[in-house]
Amino acid sequence: MPNKPISRIGILTSGGDAQGMNAALRAVVRTSLDRGIEVFAIYEGYQGMVEGGDQIRPMIWDSVGGIMHRGGTIIGTARSEAFRTPEGRLQAAKNLIESDIDNLVIIGGDGSLTGAHIFRQEWPDLLNKLVKKKMVSPEKAQAHPYLRIVGLVGSIDNDMFGTDMTIGADSALHRITEAVDAISSTAASHQRTFVVKVMGRNCGYLALMGGLATGADWVLIPENPPDVDNWRELMIQRLKAGRQAGRRDSIVVIAEGAQDRHGKYIGSAEVAKTLEDGLGEEVRVTVLGHVQRGGMPSAFDRNLGTLLGHAAVETLLSSSADSEPQLIGMRGNRITHSPLMDCVEQTRAVAEAIQEHDYETAMMLRGSSFKEAFETLRTMLRALPHPPQPGRKRLRLAVIHSGSPAPGMNAAVRAAVRIGIDKGHIMLGIRNGFSGLMEGTIQEMNWMSVNGWASRGGCELGTVRKVPTGSDFYALARAIEKHDIDGILMIGGWTGYETAYQLLKQRGNYPAFNIPIVCLPASINNYLPGSELSIGADTALNNIVEAVDKIKDSAVALRRVFVVEVMGRSCGYLALMSGLATGAERVYIHEEGVTLKDLEKDVDNLTYGFTHGKRLGLMIRNEAANPLYDTAFMCKLFEEEGHDLFDVRQSILGHLQQGGNPSPFDRIQATRLATRCIDYLVEQVEGKTAQSAFIGLQGKEIKFHNMEDFDRMIDVKNKRPKVQWWMDLRQIARVLAQPGPSRRKSQDKIAD
Ligand code: ADP
């Protein structure tokens, strides 16, 4: 089918609302406008499409200004019974044709996307009927022979096939971890048991990941009910054993749709009663409910919505008019396209498998990382480890940090220690990095020594930023020999990687270094090779985004420009991603540098904006963007050049970026990576291969890289990887932040 150029796109949000839908809407609107395409918002989901009239309205650049930090969806969402009927869909088709819309971006759950699929399939018939009934003219109908659809999944449940994450799931996990962290502290004070119910009718994602992130003691999910009928007694025994081992609180997380092997619903009240009887203590129930849908969208959801929204428009533009509807999703850090109906069908298949009590299929359909997370959770929540297998050598594996503290380091240590001990090995915790190893500040960790570490910020073992030199190597070799260390897991940043690389290079001089060292990336800067997302970066990003939201609020009534300086050393990741998540109009990063010409252009843009109604300017600057044109200099320049139009303030966020409890993503990713790293070390020692490596998410999967590649993969001078995947996102950030000069004339004002 030859492509008729697209001149108009309609967008709607449908089904349950989800945080991040606004970011997707903003991206669809602004990407379209940037491409010279008109955008119409269809308010109140399919209901608005059926009603037509004022429910279908054109959007301009400013319509979507300042909405990214708001939860829900500004164009409304509804459940529409009318759209489920042929008459309703006939009316909806008429309204679309009258508005000349035959390209749609639909953001919703599987119900909404199914509705979209049916609507598209019926489109030719609906046109015929409309012409026959003289509801539209034949010419109008001929002008719109096909309906082109792209779907984005907005759902807090993360229940959709075809994407690792749905828009809203990460924010919901934030709400859950905040709530469970808060409950844990009160529960621990009183040695109480809490049952926490979270959303997820057919999908245990929130319960599973919430449980993993908070260190819950028992989790019930629909896809994998307890495999024994006497699970209640087992649960009571486990919780009792946990208390005996020293846990002060017990948290049971239940998904809304939890059921037993026979499909019998398990309610929170029932579990609480069982526990009260079994434990002989008062048990409290907290049903989180709609809190999970509320609140500020997380940095991840803002960026996910933004990237998917942008990709939705690009996909419409590049597909032929009669092409199958696509679902745009994300695998790892990559945008993916899948046939929409396949995804819906696979999603339904999970629900059907659960209904038929075929839990093996349900788990298989959820995918390998879900299954892996479930297995890890099972180990982590044990009251005590499995006893070591007789006859198998117990390895002595050390856990060490190096570099600055990063939120999530403790969660990684907790997972490594528990997984290692459960596999029968001896886990050694080294205090204060490689200096501590030389000094012998080493302790054997036990199961309970990492209790409660999942949610703790900072770095319990302590970390040092020094890279060993000269005689340090001798001291290190002695320490490794003395403590009979078989392998090392280094959880940390650049200095840790450098040290591991040096030890590898010194193997010829010091035979003690012939042990495997595996590096787990933990640094808020996200500047480590072989890893697209290091532990801590997501927390830092959320810290920045929260701070910038507040800064923006403080200036609402003033004509003000903020220059916000963020960390990252020579890596612009935090600056760019926080710029993308907060709608900053300019991001300065070291990779691009800053020239006087750039600054002149920026002054010009600001001046233009403020003379056309702009009230707030936001510039985000990486701390090392340019050593001479520093934040203070830029502020002075803008202030002077802004004359009376605007004033300028600087905000250097500093160490607040590194602090606070780790985000759910950092906790989960830390746990996931640490689990793999322990497996890796054991494999290397038992296989006598002693290969050192670093782990990380790359593209769509988690991979190990041989430590030999470290030098080859880094830009030594600037201390960052040679290839940085996120650099491709600069263009999107630019497009969405400011209308291009060509459209300036047509805009009354420029919003943030
Ligand atoms: P979600 O999209 O979050 O799964 P729903 O299942 O409630 O939410 O679907 C939202 C809306 O999508 C429904 O109110 C209805 O208008 C439309 N819809 C859902 N399923 C269908 C269907 N099979 N046929 C037509 N429209 C549907």
Side-chain angles (χ1 to χ4, degrees), residues 10-22 24-25 41-52 55-56 71-73 75-96 104-123 125-126 129 147 149-163 165-169 171-172 199-203 205-206 222 255-257 289-290 292-294 301 304-305 308 312 325 327-329 340-352 354-355:
I11 173 164
L12 65 104
T13 48
S14 170
D17 66 322
Q19 304 97 320
M21 281 181 162
N22 283 331
L25 168 74
I42 301 163
Y43 284 74
E44 315 305 335
Y46 290 122
Q47 192 55 31
M49 201 191 274
V50 175
E51 287 169 14
Q55 297 284 42
I56 304 180
T73 157
I75 57 172
T77 175
R79 310 225 188 244
S80 169
E81 281 315 308
F83 192 75
R84 289 181 185 271
T85 66
E87 302 75 41
R89 294 196 288 276
L90 189 71
Q91 194 58 35
K94 174 180 177 282
N95 291 330
L96 286 192
L104 283 178
V105 178
I106 293 167
I107 309 173
D110 65 336
S112 307
L113 299 177
T114 306
H117 174 72
I118 293 171
F119 190 44
R120 176 185 167 275
Q121 275 185 327
E122 289 178 351
W123 187 257
D125 289 342
L126 293 172
K129 271 193 200 142
L147 182 65
I149 287 173
V150 166
L152 306 184
V153 195
S155 157
I156 67 162
D157 293 347
N158 203 26
D159 53 354
M160 194 77 178
F161 215 82
T163 186
M165 288 297 276
T166 56
I167 298 170
S171 302
M199 284 188 170
R201 224 163 283 156
N202 288 315
C203 182
Y205 178 87
L206 291 178
E256 230 175 4
H290 283 77
Q292 295 161 86
R293 282 194 194 286
D301 272 329
L304 179 69
L308 296 185
L327 182 135
I328 320 276
L340 188 138
M341 238 11 238
D342 282 1
C343 299
V344 171
E345 272 158 20
Q346 295 273 36
T347 306
R348 297 258 156 96
V350 183
E352 278 159 22
I354 293 171
Q355 252 165 25

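Just so it is clear, the model here is predicted, and its values are computed rather than measured. Excluded from the calculations below are hydrogen atoms, water molecules and symmetry mates; all remaining heavy atoms, backbone and side chain alike, are included. Every number for a ligand or one of its atoms is a count from 1 in the order of the listing.
- In terms of N/O distances under 3.5 Å, ligand 1 is not approached by Gly15.
- Heavy-atom proximity to Ser80, at under 4.0 Å, picks out these atoms of ligand 1: 13 (C), 14 (O), 15 (C), 16 (O).
- In this structure, Ser14 has a heavy atom closer than 4.0 Å to ligand 1.
- With ligand atoms numbered from 1 in the order given, ligand 1 contributes 22 (C), 23 (N), 24 (N) to contacts under 4.0 Å with heavy atoms of Ile118.
- The atoms of ligand 1 that sit less than 4.0 Å from any heavy atom of Gly109 are 1 (P), 2 (O), 3 (O), 4 (O).
- Annotation: side chain of Arg201 is not in contact with side chain of Asp157 (no heavy-atom distance under 4.5 Å).
- Taking OG1 of Thr166 as the reference point, atom CG of Asp301 lies at 8.0 Å (rounded to 0.5 Å).
- The closest side-chain heavy-atom distance from Asn95 to Ile42 is not below 4.5 Å.
- The nearest pair of heavy atoms linking Ile167 to Gln19 is CG2-O, 3.4 Å.
- When the heavy atoms of Gly115, Gly108, Gly154, Gly88 are ranked by distance to atom 27 (C) of ligand 1, first place goes to Gly115.
- Between Tyr46 and Phe83, the two ring planes are parallel [angle under 30°; tilted spans 30° to 60°].
- Each of the following atoms of ligand 1 lies closer than 4.0 Å to a heavy atom of Gly16: 3 (O).
- The option with the heavy atom closest to atom 2 (O) of ligand 1, from among Ala78, Gly151, Ser112, is Ser112.
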Enumerate, atom names and distances included, each donor-acceptor pair closer than 3.5 Å involving a side-chain atom of residues 344-351, sequence neighbours excluded.
unit_1	atom_1	unit_2	atom_2	d
Thr347	OG1	Phe161	N	3.0
Thr347	OG1	Cys343	O	2.6
Arg348	NH2	Thr114	OG1	2.9

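- Of all protein heavy atoms, the one closest to atom 21 (C) of ligand 1 is Arg84 NH1, 3.7 Å.
- Within ligand 1, counting atoms from 1 as listed, the ones closer than 4.0 Å to a heavy atom of Tyr46 are 12 (O), 16 (O), 17 (C).
- Among Arg79, Arg89, Glu81, the residue whose heavy atom lies closest to atom 5 (P) of ligand 1 is Arg79.
- For the pair Gly111 and ligand 1, the shortest N or O to N or O distance falls below 3.5 Å.
- Every residue two or more places apart in sequence or in another chain was checked for a salt bridge (Lys or Arg N to Asp or Glu O under 4.0 Å) with Lys129, and none qualifies.
- Contact of the Asn158 side chain with the Met165 side chain is registered, since non-hydrogen atoms from C-beta on lie closer than 4.5 Å.
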